[in-house]
Amino acid sequence: MLAIRLVSGSVRPDTLVLPVRPGGPDSPAVLVPTAAPSVADDVRAEAEALLPAARLTGAAGEVREHLRPGATPQRLWLLGAGAGDEQDWRVAGAALARAAKDETQITIELPDDAGTALRGLAEGLLLGSYRFRLTDAGTRPSLAGVDLLVTDPEALADTLAAARTTAEMTALARDLTNTPSSTKHPEWFADQVAAAVSGRPGLHLRVREPRELAAEGFGGILAVGGGSARGPRLVELDWHPAGARTHVVLVGKGITFDTGGISIKPVPAMKLMRKDMAGAAAVVAATLGAAALGLPVRVTTLAPLAENMVSGSAFRPGDIIRHYGGLTSESTNSDAEGRLVLADAMAYAVRELKPDLLVDLATLTGANAVALGKRHAALYSENDDLAADLLAAITSAGERAWRMPLADDYAEYLASDIADLHSSPAQGAGSVVAALFLREFTGELRDRWAHLDMSAPSWSDDVHGELVKGATGWGVRGLLRWLGTLG
């Protein structure tokens, strides 16, 4: 991962980056006042003269390079920081990481209010430079180090550490999600978590295998995973710092590949189903991040893992499934499998862990993208304060979500003639009905639960801001921000 250092004092970089901002409706961009200017006045004057010629507006992510042969610095970059809020700096950092990929080392002057700029810029640099490849062929970025010039490096060390941890955990979630399902299966995923936990104090990991799942009554996980030769797992990861007053359980859908089962998907809908465990990746990474940051809140993550395959042992449309705790559901569509594994994990959390708050993340429905497009998750909760707090944290972290109604109008569609619930009714709004089904497993935590349907924003088809093509790691940043408010 890109090395970022905080530096102060006199430096003579070969490549210097000066931030700029909009100058006004009829004015060119202007240089952002920096905390510790590293260049002579004549270089700044040269930069100011370049602004109108370069047609810079100062918008976040604009980048221009100016060559200065025989001078110091030899290369001068002008970087648009927009309005100067954290997200604009994040976008700027990502754009710079891509534009300067052929540089080896760059130095960036930060503004006087360096805290906000540092958090966003560092995350953008790290997230924007992310690459996932299974081969060494092709051009590899050469940018290895970034120096951030500030007045007091020590005062900003914690801010940089938080940005680095957030980016590292987001990268972990991206790696897990991007990994092809020829490699990735429930046991493999559990092994990756075990490797990530190793050497990190304060974390406790338990992995339930099929025999334990059967003995304890996790019928939903077993049903969905029953069609695969690679059996299901339930990962339980606990961060329990001394003195923690709040206990949060995070549940993440972990379908390592989804064929749709006997209700098989068409090929176009199946080709990206390696991402169907992005919710599990996000909650695991967020818990590891909470431990790395030493957040004073107890976090237990549950990742129900299964591969939904077609075989003679696959569960059938019309089967009745007995979930953890005893509730039964009728499933007439084996492609509505995510809610079945989540139901088990949520029922277990309510009955055995008894947390203060329960939040689940899931690539649950295609209806999420129909309603909100590709970059927003759908948030469901009956708790206004919880919903507002989550939305605020998600937004401040640079992610996007929108609160949707838990409309009881559709609850009647969950009725079954032969079971407690119908898990896959064909009527009603798809994302809402799925959320209503999950609500049935929240018990006494119904008013302290939130569901995030994040299928759409878990994957990016293009480069946008701090996102690159592929898995986005959606949810890691927002969850870490939110968990940081609960101490």
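Using a 4.0 Å cut-off between charged side-chain N and carboxylate O, Glu216 and Arg351 make no salt bridge. Between Lys184 and Asp276 there is no salt bridge, since none of the side-chain N atoms of the basic residue sits less than 4.0 Å from a carboxylate O of the acidic one. Asp462 and Arg375 are joined by a salt bridge, as a carboxylate oxygen and a charged side-chain nitrogen come within less than 4.0 angstrom of each other.
Put simply, the side chain of Arg233 reaches to within 4.5 Å of the side chain of Pro210, judged on heavy atoms. Annotation: side chain of Leu96 is in contact with side chain of Ile106 (closest heavy-atom distance under 4.5 Å). Counting heavy atoms from C-beta on, the side chains of Thr170 and Tyr130 never come closer than 4.5 Å. The shortest distance between side-chain heavy atoms of Leu438 and Trp449 falls below 4.5 Å.
Residue pairs meeting the ring pair (Phe, Tyr, Trp, His ring centres under 6.0 Å) criterion with at least one partner in residues 292-347, sequence neighbours excluded, are Phe218-Tyr324, His323-Phe441, Tyr324-Tyr348. Among residue pairs with one or both ends in residues 233-278, none qualify as ring pair (Phe, Tyr, Trp, His ring centres under 6.0 Å); sequence neighbours excluded.
Formation of a donor-acceptor pair under 3.5 Å by the Thr442 side chain with backbone atoms of Arg439 is found in this model.
Between Trp402 and His376, the ring-plane angle classifies as perpendicular under the 30° and 60° cut-offs.
If you check the side chains of Arg119 and Thr166, you find a donor sitting under 3.5 Å from an acceptor. With 3.5 Å as the limit, one finds a donor-acceptor pair spanning the side chains of Ser431 and Asp453.
The nearest pair of heavy atoms linking Glu330 to Ala419 is N-CB, 3.8 Å.
More than 12 heavy atoms of other residues, nucleotides or ligands sit less than 6.0 Å from atom CG of Asp356. For CZ of Arg98, the number of neighbouring non-hydrogen atoms (other residues, nucleotides, ligands) closer than 6.0 Å is greater than 12.
Interatomic distance, CE of Met277 versus CG of Leu176, reported as 5.0 Å (0.5 Å rounding).
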